[in-house]
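In what follows, a structure is listed as structure tokens, so that the remarks can point back to it.
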There are 2 protein chains.
Amino acid sequence: MTPFENGGKVTARIVETLGRAIVAGEYADRPLPIEADISEQFKASRSVTREAIKMLTAKGLIASRPRLGTSVAPERDWNFLDPDVLRWLLNRGLSLDLLAEFTAFRSAIEPQAASLAIRRNDPAAIARIGEAAERMTKGGMSQEDALQADIDFHVAILLASGNRFMIQCRDLVETALRFSIRLTNRQKGVATADSDAHRAIANAIAAGDAERAVSASRDLLNEAAALIEQARRAG
Amino acid sequence: MTPFENGGKVTARIVETLGRAIVAGEYADRPLPIEADISEQFKASRSVTREAIKMLTAKGLIASRPRLGTSVAPERDWNFLDPDVLRWLLNRGLSLDLLAEFTAFRSAIEPQAASLAIRRNDPAAIARIGEAAERMTKGGMSQEDALQADIDFHVAILLASGNRFMIQCRDLVETALRFSIRLTNRQKGVATADSDAHRAIANAIAAGDAERAVSASRDLLNEAAALIEQARRAG
DNA sequence: ATCACCATTTATCATATTAATACAGCGGCG
DNA sequence: CGCCGCTGTATTAATATGATAAATGGTGAT
């Protein structure tokens, strides 16, 4: 697959399982089992257990102290923008609250990224934005392909910004969008209006019109926020 | 100190040293030493070495494969927003480029956070913004205290937003600002104009005037960006 | 060119020792 | 009696050590 994978198979499994459980709040009010018990539970040696624990520590999820055992860190210490943590957060059952916060965050990032992309003016990167928008409108696409094109579009904007911190939000956007779009698409009927909005953003960026790009981007996100709010009220 | 600390002393030291070296590009074109050599270098057992390596792996900095050794991951996989990675990035000698990117990122986040803070309207949180602004103007402050008040001000805005992703950027802002403010303060003479700008933001938020808060916040950041750009041109 | 084997390095396991520290128990003292 | 400080002990993570397994690039035989 990717040229760079994670740690070993066993370690990865422990990290994944414990990470999900921690984020799900399973150990919110009590310490994790002691290393020996975790090792037994996963039929692994204490070494791998400890290595897994260290990985979770590095993600800010837990902290260990002799005699006290290992317990979950306060939520403000969690590395929310770590791709793994993010995925676990979403897999614990996506709350509309969290999705709303995602969208508010994107509302901050994306228009600014579009603006930066114009200032940076990397033709190849800007072209990729247009291509993705193109792909969204093209007929004969599966639901899945359309979703991917939509994601690619938003990621392309971040990449074109050339700002490393925005680019870092790529995983956030990718993961969150996959959920978000499914929700919003379920509400709105056809997505033609949506793809028009995307194209408007792409055009504004290509034309170098920062003001128009920002406002078009903002419109799109406001609509998404409104749909989420609507779903929230509907319960 | 803090109720939750990091891993053990030895492990932490290895993580710190290797992390800095990796971020500094020391292993950009060759693999890291093999586990045995790292262990020897740090006079530690292979266990702790491996645990340290796993922590760095969790931060996206490196990847290990049997027979190939351990090498630095492509930069786009690094968890830029991880507090440790961030600190290492800054400690490798602050480049103005990076600082400019920081500021552009903050330009996206902060005005939106201010806007969200108004919508959320948490009186206690908003009061803390005002207090920090107050502290900035009060006379008889050491340089260091004033800097801390400045940082507290910006962090308070993020906290007041109630958005967990913005709050997550707290470490980013805190770390980056500490560098950024030192630079900008060195350029401008006295900071009275600056503290007025801060107070304007606090007042707008307290008054619930989102539009004014956003534009005031934007003004402040634009000024910071201009100063950085100026420093950049000066070489 | 293909395939079996080898060497290297991480991955895992197993066990022992050390260090940190919460907690209980003891003794002193008001 | 009740409170305070000391001390010992048990618990648990931290570190050390050394061995075996698995993965895989390279090498040489066919």
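Please read all numbers here as calculations on a predicted model, not as lab measurements. Lettering of chains follows the sequences in order, A, B, ..., and the numbering in each one begins at 1.
- Summarising the geometry, the separation between CZ on A:Arg50 and P on C:dA11 is reported as 17 Å, rounded to the nearest angstrom.
- Identified under the salt bridge (charged side-chain N to carboxylate O under 4.0 Å, His left out) test for residues 66-75 of chain B, with sequence neighbours left out: A:Arg164-B:Glu75.
- Not counting sequence neighbours, the partners of A:Ser39 by the side chain to side chain donor-acceptor pair (under 3.5 Å) test are A:Thr49.
- Residue contacts shown for B:Ile53 are absent, as no nucleic acid heavy atom lies under 4.0 Å away.
- Note on the helix from C:dA1-D:dT30 to C:dG30-D:dC1: angle between the axes of the first and last five pairs equals 10°, rounded to 10 degrees.
- Pairs engaging residues 27-36 of chain A under the side chain to side chain donor-acceptor pair (under 3.5 Å) rule: A:Glu35-A:Arg46, A:Glu35-A:Arg50 [sequence neighbours left out].
- Of the candidates D:dT15, C:dT12, C:dA20, C:dT12 carries the atom nearest the A:Glu51 side chain, counting heavy atoms from C-beta on.
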Pair up each side-chain donor or acceptor in residues 128-135 of chain A with any protein partner under 3.5 Å, not counting sequence neighbours, and list the distances.
from: A:Glu134; atom 1: OE1; to: A:Arg199; atom 2: NH1; distance (Å): 3.3
from: A:Glu134; atom 1: OE2; to: A:Arg199; atom 2: NH1; distance (Å): 3.4
from: A:Arg135; atom 1: NH1; to: A:Asp152; atom 2: OD2; distance (Å): 3.2
from: A:Arg135; atom 1: NH2; to: A:Asp152; atom 2: OD2; distance (Å): 3.1

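- Residue B:Pro66 is the one, among A:Leu68 and B:Pro66, whose nearest nucleotide of DNA chain C lies closer to the 5' end (criterion: closest heavy atom).
- Applying the ring-ring contact (aromatic ring centres under 6.0 Å, His included) rule to A:Phe80 yields the partners B:Phe165; only residues at least two apart in sequence or on another chain are considered.
- The side chain of B:Thr11 contributes an N or O atom lying less than 4.0 Å from OP1 or OP2 of D:dT15.
- In this structure, A:Arg67 atom CZ and D:dT15 atom C1' are separated by 20 Å, rounded to whole Å.
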Between the protein and nucleotides 13-17 of chain C, list the N/O to N/O atom pairs that are separated by less than 3.5 angstrom.
from: C:dC13; atom 1: OP2; to: A:Ser45; atom 2: N; distance (Å): 2.9
from: C:dC13; atom 1: OP2; to: A:Ser45; atom 2: OG; distance (Å): 3.4

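- For A:Trp88, the side chain to side chain donor-acceptor pair (under 3.5 Å) partners are A:Glu16, not counting sequence neighbours.
- At least one donor-acceptor pair closer than 3.5 Å links the side chain of A:Thr175 to the backbone N or O of A:Asp171.
- Proximity of B:Arg65 to the phosphate of D:dT24: a side-chain N or O atom is located under 4.0 Å from OP1 or OP2.
- Across the protein-nucleic acid pair, B:Ile62 atom CD1 and C:dT9 atom C1' stand 14 Å apart, rounded to whole Å.
- For B:Asp150, the side chain to side chain donor-acceptor pair (under 3.5 Å) criterion is met by B:His154, B:His198, not counting sequence neighbours.
- Residues satisfying the side chain to side chain donor-acceptor pair (under 3.5 Å) criterion with B:Asp97, sequence neighbours excluded, are B:Arg232.
- Each ring-ring contact (aromatic ring centres under 6.0 Å, His included) pair with one or both residues in residues 40-73 of chain A, not counting sequence neighbours, would appear here, but there are none.
- Contacts of residues 20-42 of chain B with DNA chain D (heavy atom under 4.0 Å): none.
- Crowding of B:Arg178 atom CZ: a count of heavy atoms from other residues, nucleotides or ligands under 6.0 Å exceeding 12.
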